[in-house]
Amino acid sequence: MCPGCDIAPANPAVAQSGQPALAALVADAARTSLASDYEPDPEAEQPLYAARRKVYPQRVSGSYRRIKWAVLAVTLGIYYLLPFVRWDRGANAPSQAILIDFPSRRFYFFFIEIWPQEFYYLTGLLILAAMTLFLMNAIAGRLWCGYLCPQTVWTDLFQAIERWTEGDRREHLLRDRQPWTAERIARTGAKHFLWLMVAWWTGGAWVLYFADAPTLVRDLATFQAPQIAYVFIGLLTFTTYSLAGWMREQVCVYMCPWPRIQAALTDEHALNVTYRYDRGEPRASLKKAASLHAEGLPAGDCIDCLQCVHVCPTGVDIRDGPNLGCIQCGLCIDACDAVMKKIGRPARLIAYDTDVNIKRRRQGMTAFYRIIRARTVLYAVIIAAVGMVMSYALATRTNDAVSVLHDRNPLFVRLSDGALRNAYTVRILNKSLEKRTFAITVSGLTDADVDVIGGAGFADGKPLVEVGPDQSREVRVLVTEREPLAAKATIAVRFSIVPKGGGPVASAADHFFGP
Ligand code: SF4
Ligand code: SF4
């Protein structure tokens, strides 16, 4: 029997080995329940403001905790190391695998180079990301929030540092109620120092995506880097330190819109971290459960030890049902499994499950899982379709492109010989890594001359334009039609750029306007 409560193990065999640990666990629950000592008086007028109750998440081990550690290591490893990965693009191009090159207005992603004119790729990527998020949500709830979201990952790391420096939940709770001693100051100081270091590395890694990483690291160390780099490192150090260190679960509960959107996108078949109340209720301590059983009354498997609440990084009691504050990290599953093991009862009192299954079990029916549903099929089809369109666009992407803009005013000019002239601004993109020459042709008119202001001469009567490697060039093009046009004529024309030496021809449409 635990001296601090009325809990006694049900199974004497298990009690033999598990009792001291269980007693400590339950005594801990009793002692640390002071963390949530707010008891609203139902008679009193309640203020609309509720002060934050600091959450002291307890260390836990188990399969979900291991998954979270693995995801944390992989995601942070990718984030911090990716800027140093090299990718050979030839002599005239940067060799950083992922680079957002603002001065040259390029985005490099391994073998893909996105120009500002190709921002539709980003739109496609955003659609893919949104649909993948929706699909994950339809299959297994807030997988993103619980495992992959940067706020979750960094908060997890900051909480691990906090436990390492200030002790686990009970120790930290007790220390927070003590006066400031040299030891407490040293531990708290160490925690904030480590937090700031991680935040600083986070900000430092971010700016490496915007310049050649090894060069920028050297420039930062020798204070030769551009001022804006130091500003952004400072800004991101501050945001990481305050969001992951101080605000933590408040970001998820109050600031993030995704839980609200997610709640509207889920359905009763989506797997969520669920307290199986069909099995757990009525909750009762081991001793109380034994006496209830002796009286022929039912008692559930939940012994009300509060371990699931104590490990929760957002301070949620999963037994209260679906909650906006629950990020579905699964740590309460690990905590409860450990308790169930100690008292000799089956694991997964808390598990990924659905309310539909709980209701079915209560009616004596078997549980069933429906991953293939209309919404999961729809999301998968959209992901496949967008993915295929993007892959096709990438596979058929040419090294050249052209865009045309007709002069707004005047729309046309009549020359002294009666011919009509329209003027255009033509931008030619040369995405290859060598200088190239293009001949400009215009189709759609009967007897037209094409001239380029500042062109590189003519070949076969067609004006030539030179464009440097990996550059774009804007030129003024004058199109003169000698054939008389009908009044208010608007003729569709097509501009083409023919690469000297052969290759695919890019073209763009516009109009030729008459009087
Ligand atoms: S659900 Fe499990 S961990 Fe939570 S109070 Fe009940 S027995 Fe304890
Ligand atoms: S209730 Fe459980 S799954 Fe939800 S946030 Fe807390 S520990 Fe994670």
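Just so you know, ligand 1 is whichever comes first in the structure, and atom 1 is the first atom listed for that ligand.
- In this structure, the side chain of Gln151 engages the main chain of Leu243 through a donor-acceptor pair within 3.5 Å.
- Within a 6.0 Å sphere centred on CZ of Phe111, heavy atoms belonging to other residues, nucleotides or ligands number 12 at most.
- The backbone N or O of Leu148 lies less than 3.5 Å from no partner atom in the side chain of Thr152, so there is not a single donor-acceptor pair.
- Counted within 6.0 Å of CD on Gln178, heavy atoms from surrounding residues, nucleotides or ligands total more than 12; the atom is thus considered enclosed.
- Less than 4.0 angstrom separates some heavy atom of Gly330 from each of these atoms of ligand 2: 3 (S), 8 (Fe).
- If you look at Ile327 next to ligand 2, the close heavy atoms, those under 4.0 Å, come from the backbone and the side chain alike.
- Each of the following atoms of ligand 2 lies closer than 4.0 Å to a heavy atom of Cys312: 1 (S), 5 (S), 6 (Fe), 7 (S).
- For ligand 2, the atoms lying closer than 4.0 Å to a non-hydrogen atom of Thr314 are 5 (S).
- The side-chain hydrogen bond (donor to acceptor under 3.5 Å, both in side chains) analysis of residues 66-76, with sequence neighbours excluded, yields no pairs.
- Defined by atom type and a distance below 3.5 Å, a donor-acceptor pair is missing between the side-chain atoms of Asn137 and Tyr379.
- Between atom 2 (Fe) of ligand 2 and Cys332 there is an N/O/S contact shorter than 2.8 Å.
- Atoms of the protein (N, O or S only) found under 2.8 Å from atom 6 (Fe) of ligand 1 are Cys302 SG.
- Ring centroids of Tyr352 and Tyr64 are separated by less than 6.0 Å, placing the two rings close together.
- In terms of protein heavy-atom proximity, atom 8 (Fe) of ligand 2 is closest to Cys329 SG, 2.3 Å.
- Donor-acceptor pairing under 3.5 Å is recorded for the side chains of Thr202 and Trp154.
- If you check which protein heavy atom lies closest to atom 4 (Fe) of ligand 2, you get Cys326 SG, 2.3 Å.
- One finds no salt bridge joining Arg89 and Glu113 here, because no Lys/Arg side-chain nitrogen approaches an Asp/Glu carboxylate oxygen to under 4.0 Å.
- For the residue pair Arg373/His269, the side-chain donor-acceptor check at 3.5 Å is not satisfied.
- In the vicinity of Met340, heavy-atom distances shorter than 4.0 Å reach the ligand 1 atoms 7 (S).
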